[in-house]
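Letters go in sequence order (proteins before strands), and every chain restarts at 1.
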Amino acid sequence: MTTYTISKLARAFGLSRSTLLYYDRIGLLPPSGRTPSGYRYYTNDDYKRLDRICNFRQAGLTLEDIRAAFESDAEPSVKVLEHRLREINQRIQDLRSKQRLLSGMMKAGSSACCPPSVDKDMWVEMLRAAGMDDDAMHRWHAEFERRSPQAHHDFLVSLGIPTREVSQIRKWAAGFQSKNLPPSPPN
Amino acid sequence: MQKQMNVEQWVELFKEVGLDDAQMMKWHRLFEAKYPEAHQNFLEWLRLPVEEVEKIRLKSR
C-alpha cells in the first residue's frame, strides 16, 4: 500500500503543508493514521479525497460546502454533479491555456491581427451614406494620422490600397491643417 | 506611438470629424446590411469582446 507523508501529499497537489494541517484540524481530511513515531501518514483513499476537495475548491466551493457535499455522498446525484464539475474545470483550464496562447501570439505578431475585409470603395460608400462628406473624410485621415500613424497605415493597407498610395495619403494627412481649406488628398 | 486602435479611439475619431451617434448607428446598419461578415471582422479588429460584437450587430439589424 502506498502511503504519503504530509509534505509529499501536499506537494502532489501544489498545496502547502499547513493547508493539509488545517484540513486535518477541521476534520475535512484527517490522515489515515500515524506512524509509531507520531507522524501523519496518508493512503491512496486520502489522496483521492484530497483530489475531490481540490476539484470542489477550484469550482469555488467553500470548505463548509465541501464538507456538506461529502456528508451527502450516498446520493448518486452528487456523483453526477461532481463528474460534471470536473469536466467544467478541465474545460476552463483548456480555455485558459488557449487564451494565453492567443494573447501571446497577438502580442508577438503584427498589430493588425484580423484586418477588416472591406475595400476602399465599400468603405467610402458607407461613410458617405452615413453623412460623412469629403471635408470630414479629409479631416478623418488627418486626425487618424496624428493620433496613431501606425494604425492609420495598417488600416489603409488592409483596405487593399497600394503601398505607394498609402504613403501619399499619409504624407498628405500629416501636412493637413484643419483650419485651412483642405487641398484634396491624392486619389 | 499607438499601434492599434480600440473602439473608444475609433468612436472619438468619428466624433472629431462631426459624425453624431445617429450617423454612426446608420453607418453600422449599412455595414450590417451590405457586408455583414466585414462588419463582424471590423468589430473584432477593434478588439471588441465577442458578446459586444454580437450585441452591436443585433442592434444594427
| task | Kindly give the heavy-atom pair with the smallest separation between Ala130(A) and Gln23(B), and that separation in Å. | result | O-CG, 3.2 Å
| What distance separates Lys34(B) NZ from Glu125(A) CD, expressed to the nearest 0.5 Å? | 3.5 Å
| If you count the non-hydrogen atoms of other residues, nucleotides and ligands that lie under 6.0 Å from CZ in Arg91(A), is the total more than 12? | no
| Within 6.0 Å of OH in Tyr39(A), more than 12 heavy atoms from elsewhere | no
| note | Lys26(B) and Ala129(A) have their tightest heavy-atom pair at NZ-O, 2.9 Å
| remark: In this structure, CE of Met132(A) is separated from CE of Met24(B) (nearest 0.5 Å) by 8.5 Å
| task | Give the minimum heavy-atom separation between Phe14(B) and Leu127(A), together with the two atoms involved. | result | CZ-CD2, 3.5 Å
| task | Take atom CZ of Arg164(A) as the centre, draw a 6.0 Å sphere, and report whether it contains more than 12 heavy atoms from other residues, nucleotides or ligands. | result | no
| said: Can you tell me how the ring of Phe42(B) sits relative to the ring of Phe155(A), calling it parallel under 30°, perpendicular over 60° and tilted otherwise? | reply: perpendicular
| query | Would Met25(B) end up clustered with Val17(B) when hydrophobic side chains under 4.5 Å apart are linked, directly or stepwise? | reply | no
| field | Interface moiety of Glu12(B) toward chain A, non-hydrogen atoms closer than 4.5 Å | value | both
| request: Go through the atoms of Leu13(B) and report whether side chain, backbone, both or neither lie under 4.5 Å from a heavy atom of chain A. | output: both
| query | Is there a path of hydrophobic side-chain contacts, each under 4.5 Å between heavy atoms of I, L, V, M, F, W or Y residues, that connects Ile88(A) with Ile53(A)? | reply | no
| Do Tyr22(A) and Tyr41(A) share a hydrophobic cluster (ILVMFWY, side-chain heavy atoms under 4.5 Å, transitive)? | no
| query | Hey, quick one: are Ile92(A) and Leu85(A) part of the same hydrophobic cluster, counting side-chain heavy atoms closer than 4.5 Å, chains of contacts allowed? | reply | no
| message | Are Tyr35(B) and Trp123(A), when compared by the centres of their aromatic rings, separated by less than 6.0 Å? | response | no
| request: Hey, could you give me the NE2/CE distance between His39(B) and Met126(A), rounded to the nearest 0.5 Å? | output: 8.0 Å
| field | Heavy-atom closest contact (Arg139(A) atom, Glu16(B) atom, distance) | value | NH1-O, 3.6 Å
